[in-house]
Amino acid sequence: MKLQQVSGNCFAVLNEKNRLCDANSGLINRAGGVVIDTQSDLAHGRQMIQMFSKVWPAMPQRVINTHEDADHVWGNQLFEGAEIIAHRSVPERMKHVADPKESQKLLHGVGHLLTRLVFKTFHPGIVAAGQQLLEDYNFDGIELVLPTTLFDARYELDLDGTQVHLIYVGPCHQVGDTIIHVPKERVVFAGDVLFRQCTAMGWTGSYEKWFQCLDLLIQLDPEVIVPGHGPLCGIEGAMEMRAYLEYIRDESKKCFDGGLTSLEAAKRIEFGPYGEWRAPARLYMNVERAYREFRNEPPDAPWDIAATFDAIYQVAKAKGIKVEY
Ligand SMILES: [Zn+2]
């Protein structure tokens with residue numbers, strides 16, 4: 001992890017490995033400080049706090065969660081007494097998608113030899129993802145701390161004269177997707193609406209909605225965007241991701257019309273220039289999302305996580321690349 005100054009008062013802690021759960025955090029260092037997203041486990045949360053403490057005078061009084069995913073909210077408990085701000089949907093969604101007990105059980109299972117052998121027979125993807133997570137993360141001790149200040153379309157903060165706009169853009173990657181715009185400093189904290197140099201993983205929402213959101217990022221004309229995952233970028237980051245999603249949707253359509261399953265399609269579609277990104281086999285999720293739309297399924301249809309991770313595993317194997325999430 002590294003600390004990077006983004007503008008006069010904006011900072012980021014970036015998770016350079018850029019794999020599953022390696023989310024970024026932000027800081028707007030005005031009026032007592034606002035932290036954006038709190039990392040995937042307590043050790044990373046503490047490391048983030050320690051890094052930000054080099055520039056802030058005291059623990060921040062406010063936290064923003066850009067959405068409900070575990071890797072953005074599991075350090076919330078480290079900010080005792082802070083106001084936690086998020087979209088209205090986030091608390092309920094967190095209870096479903098960021099229940100720490102499930103992940104704790106899974107990692108203990110994967111860490112345990114016998115369970116690992118049983119898992120491996122049926123779900124090689126779960127074992128591979130779990131082993132990767134065990135290299136960097138420990139989910140023990142995490143308790144859900146839910147946002148306390150909720151908003152609908154938009155929320156504004158005045159940090160001693162610096163305006164901060166929270167704009168609800170979901171559902172495009174998750175239900176609660178929110179971007180944070182600091183116009184005076186020309187900075188946007190994008191959360192997982194933007195993945196940079198790693199393959200996007202989207203859970204709910206539609207392609208159209210995601211395109212609209214990326215277009216908004218471009219329209220806001222920031223000098224710097226802090227993505228949810230990956231290094232800092234400018235609007236070219238949003239443009240590249242839009243081009244990637246368009247490419248995957250178009251290729252998926254051809255495969256869908258040709259009668260292939262989403263897994264067959266994901267194995268067939270060329271990575272193209274996006275093969276350079278981290279975990280390119282995660283493309284399966286984007287193909288499956290496109291298929292859901294072609295089949296007119298609801299955008300919030302639940303995912304079978306084990307089957308999804310297994311499919312990503314199979315795509316990586318079929319392409320002859322390292323299995324990585
Ligand atoms: Zn994330």
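Quick caveat: nothing in here was measured; it's all calculated off a predicted structure. Indexing begins at 1, ligand by ligand and atom by atom, following the structure's order.
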Could you give all pairs that pass the salt bridge (Lys or Arg N to Asp or Glu O under 4.0 Å) test and reach residues 177-201, with sequence neighbours left out?
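Pairs touching residues 177-201 that pass the test: Arg186-Asp221, Arg186-Glu223, Arg196-Glu236, Arg196-Glu240.
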May I ask you to decide whether Lys105 forms a salt bridge with Glu102, counting only side-chain N to carboxylate O separations under 4.0 Å?
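Salt bridge: yes.
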Parallel, tilted or perpendicular, as decided by the 30° and 60° cut-offs, for the rings of His181 and His165
perpendicular
Under the 3.5 angstrom rule, does the side chain of Trp210 hit a backbone N or O of His173 as a donor-acceptor pair?
no
Protein N, O or S atoms less than 2.8 Å from the Zn ion (ligand 1), ignoring waters?
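The answer, once waters are left aside, is Asp71 OD2, His72 NE2, Asp192 OD2, His229 NE2.
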Mind checking what makes side chain to side chain donor-acceptor pair (under 3.5 Å) contact with Arg88, not counting sequence neighbours?
Asp152
Test question: given the 4.5 Å side-chain rule for I, L, V, M, F, W and Y, name all other residues clustered with Val97, or answer none.
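Members other than Val97 - counting any ILVMFWY side chain reachable under 4.5 Å - there are none.
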